[in-house]
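In what follows, chains are A, B, ... by sequence order, proteins preceding strands, each numbered from 1.
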Number of protein chains: 2
Amino acid sequence: MKRRTIKDIAKESGFSLSTVSLVLNNHPRISQATRDRVMAVVKKYNFFPNSAARGLASKSSKTLSVVVPNLTRVFSDIYLGELISGIYERATSQGYKILLDIATSQFIKTQEYTKLLASRRADGMLFIASDIHADYLGVFEDSPYKFLLVNHVFPGKKLNYVSVDYAASARTAAEHLLGLGHRKIGLIAGTNTFTGLQFRDEFLRTCKTWPAGAAQVAWVDGGEEWSQRGGYAAAAKLMAQTPDLTAIMAANDRMAIGAMRWLADNRREVPEAVSVMGVDDIQLAAYVNPGLSTVRHDLYQVGIESCNRILQLIKGEITECSDLLPTSLVVRGSTDRARGSK
Amino acid sequence: MKRRTIKDIAKESGFSLSTVSLVLNNHPRISQATRDRVMAVVKKYNFFPNSAARGLASKSSKTLSVVVPNLTRVFSDIYLGELISGIYERATSQGYKILLDIATSQFIKTQEYTKLLASRRADGMLFIASDIHADYLGVFEDSPYKFLLVNHVFPGKKLNYVSVDYAASARTAAEHLLGLGHRKIGLIAGTNTFTGLQFRDEFLRTCKTWPAGAAQVAWVDGGEEWSQRGGYAAAAKLMAQTPDLTAIMAANDRMAIGAMRWLADNRREVPEAVSVMGVDDIQLAAYVNPGLSTVRHDLYQVGIESCNRILQLIKGEITECSDLLPTSLVVRGSTDRARGSK
DNA sequence: ATCTTTAGGTAAATCGCTCGACAAGGCAAG
DNA sequence: CTTGCCTTGTCGAGCGATTTACCTAAAGAT
């Protein structure tokens, strides 16, 4: 089976090279009759135009680079699944393919992130792997490359982003707990990302300035991985140093569930003794017992929107982007009025 | 910042186009001195050769297509994470990039799987998403396209594959339980993949022909998703229809953990009342209480090996491939001698 | 001193497609 | 019967690399 080219199709169909090309690109220039005759031949040979040639001539690869974090178990993170599904769905619908990369140290060191765009292997890059040490991303400030941080922000650097509004999220969570009368709260924070820091700071601020009376917040770091295990350990630490707190807020659901586990293992009733609240609204949040109150982050939507934006950047429809998507409160059984509050 | 080409590098360095190209490709033809002078210019401009042009001229995209299952929560599956990490690591080390695709109905319907290879967008395809209905994969029999099933097999079709040896796995598991004296066993099977069927059949066969006395096996389907929830429901069903079984074997760890959960919820001690065994050895298997006995499947290794093989197929070093990788028994606390057996 | 090698470079023909400029034919209007 | 405009198709100049011969000068062989 010989490899066909557009030339063969032209010859066989009796039209010119250009005509075939125009047909293949759905150019309105071509009449339906011609289109049909050409397509018949295309179908007959099951022909697909060579994408390298196409890319070379058109100066576009129709490819998006997606960079995910270098966590060994990265794909076990529901977080990524939602995000990538959203990106994939939108990219595909626009005829774009996805080039997957993992932000390994190798990837960073060889500046693969630049290379991908400089070599035009990808038209744009969606970066899901940022943390507070990702200074190398500075190359994308004011660069001609199309770059977007997904569900991350980088204060101090002029980088495009689409993210959930972590500060708003913190406010929502804090207000929920404060409204329930909690005045001694433990916070399990994630401090290795800027969004994590934003969340922590806004949570603290909201508690400190609550009109009905400021709340004391003791916070600990839940660990780099924001994992259930980290949450478990963090809860232990919090309860040891502040035994009388009435609520634990965790920066994500996994840590919250870890905390609930510790409380269960140590005979503290949730929510009677301690209320627990998370962030994200992962599937599991609804299944634990009691159900976890949380702030819903629609990561699928973030994926969709991120992809929309990077495509607009590529097309030149916009030149920068800093979207913050809304979040919403989800109340389940794990939070209730603080004990001792009326 | 104008876009440079190899021509600019040639001009600036004083060498010919061809020389620059040879340098960029590490061709031994070029002397170190020349190489250095050219590379200096390349570095200076931070030049990276246009990959479309490269692909067009060299007839190779240096890209691998990886197709993953269309499960909404696909990425939450640890299974995939291991596999993809292995593939990524090997592909990257060989200079290949990964194009990610999800086997949506759209993907199947538009024959995207053919298109990717026909358009030379990818040099080969690693398919992780096969099930017993994937007849369309027939196009890859005797085709010039480089195609490989990852951790799947397709009896009846001449397709390349690299998979864990599910039959061996079944034997290992069965022998472990039989050796512990179990003679009434419940099997939670996965029946929507051929490997799942192989596992089931070999498990049943081994139990039936055990020299020290055949065991009775009642089996149920654990559901399309091989999920914890499916395992939970399956355990309930098994225990209802065969209350006196002494062991439950699940075709993967997640279902096994679901089964353990049901047993715990219904006051059946593991392993005293019922032994439970899984397959895969996911991280969680070591954390549940008691630890889950299982058959270890090294999916990371499957990823590595799959990638090795597809690259060999692409290079023409081999023309077909049907590798079965070994598995190993991991005994933890969830299995013990059958009650009533000495 | 002449003839081979060999090492190091280069010219030029592709690779397969896109797209702006141009052409031909048909038809309405002047 | 021109002229001008529309519609539909074609020409051909790139796009930016790779790669195969071929070339030249210097080193080795005799």
Side-chain angles (χ1 to χ4, degrees), chain A residues 1-39 41-42 45-63 95 115-123, chain B residues 2-39 41-42 45-63 95 97 115-123:
Chain A
M1 172 169 132
K2 175 178 161 291
R3 197 139 249 152
R4 320 255 166 202
T5 74
I6 208 177
K7 209 171 196 166
D8 301 318
I9 306 297
K11 201 164 296 168
E12 173 99 10
S13 66
F15 290 96
S16 75
L17 253 185
S18 343
T19 303
V20 177
S21 171
L22 293 177
V23 169
L24 256 16
N25 291 292
N26 283 314
H27 199 287
R29 199 46 146 341
I30 304 300
S31 73
Q32 192 57 45
T34 305
R35 191 179 299 282
D36 291 345
R37 290 185 46 201
V38 171
M39 285 313 286
V41 181
V42 167
Y45 290 130
N46 215 280
F47 168 80
F48 292 103
N50 179 304
S51 66
R54 227 176 193 182
L56 180 56
S58 70
K59 302 174 175 319
S60 137
S61 62
K62 287 281 196 175
T63 300
K115 186 171 161 187
L116 278 168
L117 295 167
S119 70
R120 313 239 39 174
R121 192 149 190 160
D123 297 341
Chain B
K2 175 178 161 292
R3 198 140 246 151
R4 321 256 167 201
T5 74
I6 208 176
K7 208 170 196 165
D8 301 318
I9 307 297
K11 201 164 296 168
E12 173 99 10
S13 67
F15 288 95
S16 74
L17 254 186
S18 342
T19 302
V20 176
S21 172
L22 293 177
V23 168
L24 256 15
N25 290 290
N26 285 313
H27 198 288
R29 198 48 153 328
I30 304 299
S31 72
Q32 192 57 45
T34 304
R35 191 179 300 281
D36 290 346
R37 290 185 44 200
V38 171
M39 285 312 286
V41 181
V42 167
Y45 289 130
N46 215 282
F47 168 79
F48 292 103
N50 180 304
S51 67
R54 227 176 193 183
L56 180 56
S58 69
K59 302 174 179 320
S60 135
S61 62
K62 286 280 194 175
T63 300
K97 305 295 300 179
K115 186 171 162 186
L116 278 168
L117 295 167
S119 69
R120 314 237 41 172
R121 193 150 190 160
D123 297 341

Check: Applying the side-chain contact (heavy atoms from CB on, under 4.5 Å) test to R35(A), which of N26(A), T19(A), L24(A) qualifies?
Finding: N26(A)

Notebook entry, point to check: Considering heavy-atom distances to DNA chain C, does S58(B) or L22(B) have its closest nucleotide positioned more toward the 5' end?
Noted result: L22(B)

Check: Roughly, in whole Å, what's the span from CG in L24(A) to P in dC19(C)?
Finding: 12 Å

Notebook entry, point to check: What does L17(B) touch in the nucleic acid at a heavy-atom separation under 4.0 angstrom: a base, only the sugar-phosphate, or nothing?
Noted result: nothing

Item checked: Phosphate OP1/OP2 of dG9(D) contacted by S18(A) side-chain N/O (<4.0 Å) -> no

Margin query: Would the distance check show the side chain of N50(B) and the main-chain N or O of A52(B) forming a donor-acceptor pair, the cut-off being under 3.5 Å?
Written below: yes

Next item on the list: May I ask you to verify if any side-chain N or O of K59(B) is less than 4.0 angstrom from the OP1 or OP2 atom of dG16(C)?
Entry: yes

Note to self: Any side-chain to backbone donor/acceptor pair from S21(B) onto L17(B)? Under 3.5 Å, distance only.
What the structure shows: no

Check: Taking atom P of dG8(C) as reference, at what distance in whole Å does atom CG of D36(B) sit?
Finding: 13 Å

Next item on the list: Side chain of P49(A) only, please: which of dG8(C), dA17(D), dC17(C) is the nearest?
Entry: dC17(C)

Next item on the list: Would you mind telling me which residue lines up with the more 5' stretch of DNA chain C, T19(B) or N25(A), judged by nearest nucleotide?
Entry: T19(B)

Notebook entry, point to check: Distance check: side-chain N/O of N50(A) vs OP1/OP2 of dC15(C), anything under 4.0 Å?
Noted result: no

Checklist line | Atom-to-atom span, CZ of R37(B) to P of dG8(C) - whole angstrom | finding: 15 Å

Next item on the list: Quick one: label S21(A) by what it contacts on the DNA or RNA (base, sugar-phosphate, nothing), any heavy atom closer than 4.0 Å.
Entry: base

Checklist line | Nearest-Å distance for atom pair CG/P, residues N26(B) and dT19(D) | finding: 13 Å

Check: Quick one: does D123(B)'s side chain have a donor or acceptor within less than 3.5 Å of a partner on S61(B)'s backbone?
Finding: yes

Next item on the list: Look at T5(B) and dG16(D) and indicate whether a side-chain polar atom (N or O) is within less than 4.0 Å of OP1 or OP2.
Entry: no

Note to self: Distance check needed: dC15(C) P versus K62(B) NZ, whole Å only.
What the structure shows: 21 Å

Note to self: What is the distance, to the nearest angstrom, from the CG atom on D8(A) to the C1' atom on dG16(C)?
What the structure shows: 10 Å

Next item on the list: Look at the side chain of L56(B) and decide which nucleotide, out of dC17(C), dC22(D), dG16(C), has an atom nearest to it.
Entry: dG16(C)

Next item on the list: Would you kindly check if the NZ (Lys) or CZ (Arg) of R4(A) is within the cone defined by 45 degrees around the ring axis of F47(A) and under 6.0 Å from the six-membered ring centre?
Entry: no

Notebook entry, point to check: Rounded to the Å, how far apart are H27(A) NE2 and dG20(C) P?
Noted result: 8 Å

Check: How long is the line joining NZ of K7(A) and P of dG16(C), in whole Å?
Finding: 9 Å

Next item on the list: Under 4.0 Å between any heavy atoms, over every strand shown, what does R54(B) touch: base, sugar-phosphate, or nothing? Just pick one.
Entry: sugar-phosphate

Check: Heavy atoms under 4.0 Å, any strand shown: does S31(A) hit a base, just sugar-phosphate, or nothing?
Finding: sugar-phosphate

